[in-house]
Amino acid sequence: MILHELIDYGTLRLIWWVLLGVLLIAFAATDGFDMGVGALLPFVAKTDVERRVAINTIGPVWEGNQVWFILGGGAIFAAWPPLYAVSFSGFYLAMFVVLAALILRPVAFKYRSKRDDARWRAAWDWALFIGGFVPALIFGVAVGNVLEGVPFRFDDDLRAFYEGSFFGLLNPFALLCGLLSVSMLVMHGGAWLSLKASGAVAERARAYGALAALATIALFALGGLSLWLFLDGFRITSPIIPDGPSNPLHKEVVRDGMAWFTNYAARPWLLVAPAMGFAGALVAFLGMKARWEGLPLIASGLSVLGVIATVGVAMFPFILPSSIDPRSSLTVWDSSSSHQTLFIMLAVTLIFLPIVLAYTAFVYRVLWGKVQEAEVRNEAGHFY
């Protein structure tokens, strides 16, 4: 037996769908609080020392956290080539804006402290704000558009054609999802600062983080209600072949107003995902109001996991539905790399992912502890 045939093609596709979700959730749960801290920076820190306290809570870890973003992009490229081709070409301008914002962040970290000038530092502080707020907003807008369906199609030669525009992405439901993404990550950033910062920064972070937690609950509920009342999902009407060829045109798809709720109706235990989204945000709110340490960060992380998992479970098996040609929609069963490629990638992942996790845990353990104002003020050479 050929080695890669130990796991059948359909199972490998399902495993890589789960792994893609794990990578995206890991990115949102780690780099998410970095973006949340950046978005909170103008509000939780009023003096230069306070801003340095906030910045130094994420300064040692943000770069490692961003590895999950790279891994997620690499997984899409290698495991789901049609998804990579359509999303990175169709969302090209949006991706460019995200990357430009993310590029500002490392530059701001490196250059902010190079001059002891208030205007110089204020400019880089706003760069950190942009590097946190803009990606959080656009990632949410992208998810909203995916739920609505993206205007792309394939011709008979499987050439992809995107027929949308950048401003077409900025529709009301997508902007609602963008605001949910921002509030969720601001909640997460507030929980992180309440644990890692000290003094006035931690106090303000608790206040803003608690408000963001309430906003997350409200926006998450409003998003679900909007899906229920106003938006059509997608449903496959032809036989599903989990180990079939990677050709999205070999199926029939229709729009269906309740399609995004079908999986939950068929398997009620999946409701644990949205329940986790709501409950995590509620516990984060209560924890920050009660000045608990540690639990709000865990709870906000669970909320992030629940919100993202809610979308993935609702859409399964769709990965990227098409609004102009539903038959062209990409699903788990018809848009993956070959059987052998998925198996080799899985073997490599099983070797290296535990190493990444172990190293990440080690770094967090070594760098654990609060950032104190006195330390930042008296040992400037050791801090950003």
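Note: F91 and Y162 have perpendicular aromatic rings, judged against thresholds of 30 and 60 degrees for the angle between ring planes. Note on ring orientation: taking the six-membered ring where Trp is involved, the planes of F318 and F234 are tilted (angle from 30° to 60°). Using cut-offs of 30° and 60° on the angle between ring planes, the pair W120 and W124 is perpendicular.
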Side-chain donor-acceptor contacts of residues 281-304 below 3.5 Å, not counting sequence neighbours, with atom names and distances?
{"from": "R291", "atom 1": "NH1", "to": "E203", "atom 2": "OE1", "distance (Å)": "2.6"}
{"from": "R291", "atom 1": "NH1", "to": "E203", "atom 2": "OE2", "distance (Å)": "2.3"}
{"from": "R291", "atom 1": "NH2", "to": "E203", "atom 2": "OE2", "distance (Å)": "3.1"}
{"from": "E293", "atom 1": "OE2", "to": "K370", "atom 2": "NZ", "distance (Å)": "3.1"}
{"from": "S300", "atom 1": "OG", "to": "H188", "atom 2": "ND1", "distance (Å)": "2.6"}
{"from": "S300", "atom 1": "OG", "to": "P296", "atom 2": "O", "distance (Å)": "3.1"}
{"from": "S300", "atom 1": "OG", "to": "L297", "atom 2": "O", "distance (Å)": "3.0"}
{"from": "S303", "atom 1": "OG", "to": "G277", "atom 2": "O", "distance (Å)": "2.8"}

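You'll find the side chain of I241 reaches within 4.5 Å of the side chain of D243, heavy atoms only. The shortest distance between side-chain heavy atoms of L102 and Q66 falls below 4.5 Å. In this structure, the side chains of W68 and D31 stay at 4.5 Å or more apart for every pair of heavy atoms. For the pair F43 and F129, the minimum side-chain heavy-atom distance is below 4.5 Å. Contact of the W62 side chain with the F109 side chain is registered, since non-hydrogen atoms from C-beta on lie closer than 4.5 Å. In this structure, V146 and M315 have side chains that are in contact, with non-hydrogen atoms separated by less than 4.5 Å. Side-chain atoms of L227 and F173, non-hydrogen and from C-beta on, do get closer than 4.5 Å to each other. I55 is listed as a side-chain neighbour of D125, based on a closest heavy-atom distance under 4.5 Å.
To the nearest 0.5 Å, atoms OG (S337) and CG (L12) are separated by 11.0 Å. Separating the CG atom in L24 from the CZ atom in F69 is a distance of 9.5 Å, to the nearest 0.5 Å. In this structure, CG in L249 is found 8.5 Å from CG in D155, a value given to the nearest 0.5 Å. Taking NZ of K251 as the start and OG of S238 as the end, the distance is 7.5 Å to the nearest 0.5 Å. One distance of note links CG of L342 with OG of S246; it measures 8.0 Å at 0.5 Å rounding. Atoms CD and CZ, from E50 and R204 in turn, are 4.5 Å apart once rounded to the nearest 0.5 Å.
Judged by a 6.0 Å distance limit and a 45° cone about the ring axis, R13 is positioned over the six-membered ring of Y9.
A 6.0 Å sphere centred on OH of Y92 holds no more than 12 heavy atoms belonging to other residues, nucleotides or ligands. Residue-environment remark: CH2 (W269) stays at or below the threshold of 12 foreign heavy atoms within 6.0 Å. The environment of Y359 atom OH is sparse: at most 12 non-hydrogen atoms of other residues, nucleotides or ligands sit within 6.0 angstrom.
The two residues L23 and L71 make their nearest non-hydrogen contact at CD1-O, 3.7 Å. Of all heavy-atom pairs between L367 and K196, the closest is O-NZ, 3.1 Å. Annotation for N263 and A314: closest pair ND2-O, 3.7 Å, computed over non-hydrogen atoms. Across every non-hydrogen atom of P151 and G164, the tightest pair is CG-CA, 3.6 Å. Smallest separation of non-hydrogen atoms from A273 and T310: C-OG1, 3.3 Å. Nearest heavy atoms, I236 versus P317: CD1-CG, 4.0 Å.
No continuous path of ILVMFWY side-chain contacts below 4.5 Å connects I324 to L83, so the two sit in separate hydrophobic clusters. Hydrophobic clustering (ILVMFWY, side-chain heavy atoms < 4.5 Å, transitive): L357 and F27 are in one cluster. Neither L271 nor I25 shares a network with the other; the hydrophobic side chains, linked directly or stepwise wherever heavy atoms of I, L, V, M, F, W or Y lie under 4.5 Å apart, form separate groups for each. Under the 4.5 Å side-chain heavy-atom criterion for grouping Ile, Leu, Val, Met, Phe, Trp and Tyr, V107 is not connected to W126 through any hydrophobic cluster. Following chains of ILVMFWY side-chain contacts shorter than 4.5 Å, one cannot reach V313 starting from L180, and the two form parts of different hydrophobic clusters.
With hydrogens and angles disregarded, no donor-acceptor distance shorter than 3.5 Å links the side chain of S328 to the backbone of R153. Not one N or O on the side chain of S336 forms a donor-acceptor pair closer than 3.5 Å with the backbone of A79. Under a 3.5 Å cut-off, the side chain of S322 and the backbone N or O of F152 do form a donor-acceptor pair. Checked by atom type and distance alone, the side chain of S335 never pairs as donor or acceptor with a backbone atom of W80 at under 3.5 Å. Although no hydrogens or angles enter the test, the distance criterion places a donor-acceptor pair under 3.5 Å between the side chain of W192 and the main chain of T57. Side-chain N or O atoms of N56 include one that pairs as donor or acceptor with a backbone N or O of R52 at under 3.5 Å. Without hydrogens or angle criteria, S181 side chain to C177 main chain gives no donor-acceptor distance under 3.5 Å. D157 places no side-chain N or O within donor-acceptor distance of the main-chain N or O of R159, the cut-off being under 3.5 Å. In this structure, the side chain of D34 does not engage the main chain of I58 through any donor-acceptor pair within 3.5 Å. Checked by atom type and distance alone, the side chain of W260 pairs as donor or acceptor with a backbone atom of L147 at under 3.5 Å.
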**Item:** Verdict with reasoning, L346 to L19, per side-chain contact (heavy atoms from CB on, under 4.5 Å)
**Value:** CA-CA 9 Å; L346 179 60; L19 282 175; 3.9 Å; yes
**Asked** Taking it one step at a time, do Y208 and M187 satisfy side-chain contact (heavy atoms from CB on, under 4.5 Å)?
**Response** CA-CA 8 Å; Y208 283 108; M187 168 188 67; over 6 Å; no
**Request:** Applying side-chain contact (heavy atoms from CB on, under 4.5 Å), run through L128 and L104 and close with a yes or a no.
**Result:** CA-CA 7 Å; L128 287 171; L104 280 177; over 6 Å; no
**Request:** Would you sort out whether F33 and N65 count as a side-chain contact (heavy atoms from CB on, under 4.5 Å), showing the intermediate values?
**Result:** CA-CA 10 Å; F33 65 68; N65 292 340; 3.6 Å; yes
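Side chains of T331 and D334: a donor on one and an acceptor on the other come within 3.5 Å.
Taking S338 as the reference, T341 meet the side-chain hydrogen bond (donor to acceptor under 3.5 Å, both in side chains) condition, with sequence neighbours excluded.
Between R235 and D256 there is a salt bridge, since at least one side-chain N of the basic residue sits less than 4.0 Å from a carboxylate O of the acidic one.
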